[in-house]
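Structure record follows, encoded as structure tokens.
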Amino acid sequence: LFFFGGLVSDDATFKRVQGFKAALAERGIRVRDSMIDCCGYPPATAAQALAREYRQLGRLPSGLFANGVTALEGALQFTSSLPRPELEAIAVGTFDWDPFGAHLSFSVTMVRQNVEAMISEGFALLSDYELNSGKVVVVPTSFGRLGEGDGAGPDWRRYPVIHADE
């Protein structure tokens with residue numbers, strides 16, 4: 001398994017890495033430092049990170065977790081020259097959703113963020129700003145659905161926004 005992309009100093013990347021580690025630990029999988037490469041956001045650096053991992057293993061990892069759609073773009077740059085069976089033998093996931101995912105030649109799981117709710121909740125927090133209030137807002141994600149690229153949108157009513165205090 002290989003998590004790549006993003007910056008360690010970025011809050012979203014930090015939390016995604018924590019989740020990656022926790023999910024593996026729950027399954028009894030020991031996380032090695034080499035399984036995570038927060039190589040940045042440019043697609044070229046993600047391609048280089050995946051190329052290094054490929055050379056070290058002599059194959060693709062069994063699972064790729066791209067920190068975002070730009071890391072996935074880098075993975076596509078690197079894997080474009082590999083035989084198709086190599087891509088079909090692995091699991092690929094990304095923490096961002098883009099409709100182009102439905103048109104890839106291999107299966108990829110994409111997490112879709114409710115951007116409209118995130119923006120709305122952000123402005124609500126700004127309008128009622130209280131220093132050190134400890135307010136936490138969780139805007140749930142969903143998995144992209146087949147057909148979303150053709151205009152079928154997610155049903156966000158199934159994923160309510162959660163307001164809590166730290």
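Numbers here are sequence positions counted from 1.
- Note on I90: it clusters hydrophobically with V108, by side-chain heavy-atom contacts below 4.5 Å among ILVMFWY residues.
- Under the 30°/60° scheme for interplanar angles, the aromatic rings of F20 and F3 are found to be tilted.
- In this structure, Y41 is not a member of the same hydrophobic cluster as V17, with clusters built from ILVMFWY side-chain heavy atoms closer than 4.5 Å.
- In this structure, the side chains of V92 and L104 stay at 4.5 Å or more apart for every pair of heavy atoms.
- Around CZ of F14, the count of heavy atoms belonging to other residues, nucleotides or ligands within 6.0 Å does not exceed 12.
- The shortest non-hydrogen separation linking M110 to D98 is SD-O, 3.4 Å.
- Rounded to the nearest 0.5 angstrom, L60 CG and L50 CG are separated by 6.0 Å.
- Minimum heavy-atom separation, T13 to C38: CG2-SG, 3.7 Å.
- Looking at every heavy atom in both residues, Q77 comes nearest to P43 through NE2-CB, 3.7 Å.
- For the pair P61 and E53, the tightest heavy-atom approach, listed with the atom from each and the gap, is CG-CG, 3.7 Å.
- R84 CZ to T79 OG1: the interatomic distance, rounded to the nearest 0.5 Å, is 11.5 Å.
- Taking the side chain as every heavy atom from C-beta outward, K15 and D11 approach each other to under 4.5 Å.
- Residue R52 holds its CZ atom at 6.5 Å from CD of Q48, rounded to the nearest 0.5 Å.
- The minimum heavy-atom distance linking F4 with A75 is given by the pair CZ-CB, 3.7 Å.
- Placement of L87 and F65 in two distinct hydrophobic clusters is found when ILVMFWY residues are connected by side-chain heavy-atom separations under 4.5 Å, directly or transitively.
- With rounding to the nearest 0.5 Å, the separation of CZ in R32 from CG in L24 is 10.0 Å.
- Taking the side chain as every heavy atom from C-beta outward, L64 and L72 never approach each other to under 4.5 Å.
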(Q) Test side chain to side chain contact (heavy atoms under 4.5 Å, CB included) on L57 and F2; report intermediate values, then the result. (A) CA-CA 11 Å; L57 295 174; F2 186 57; over 6 Å; no

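- A donor-acceptor pair is defined here as one N or O able to donate and one able to accept, closer than 3.5 Å; such a pair exists between the side chain of T94 and the backbone of A66.
- Note: D10 CG to R16 CZ = 8.0 Å, rounded to the nearest 0.5 Å.
- Contact detail for I36 and K21: the closest heavy-atom pair is CD1-CE, 3.6 Å.
- The closest side-chain heavy-atom distance from F100 to V69 is below 4.5 Å.
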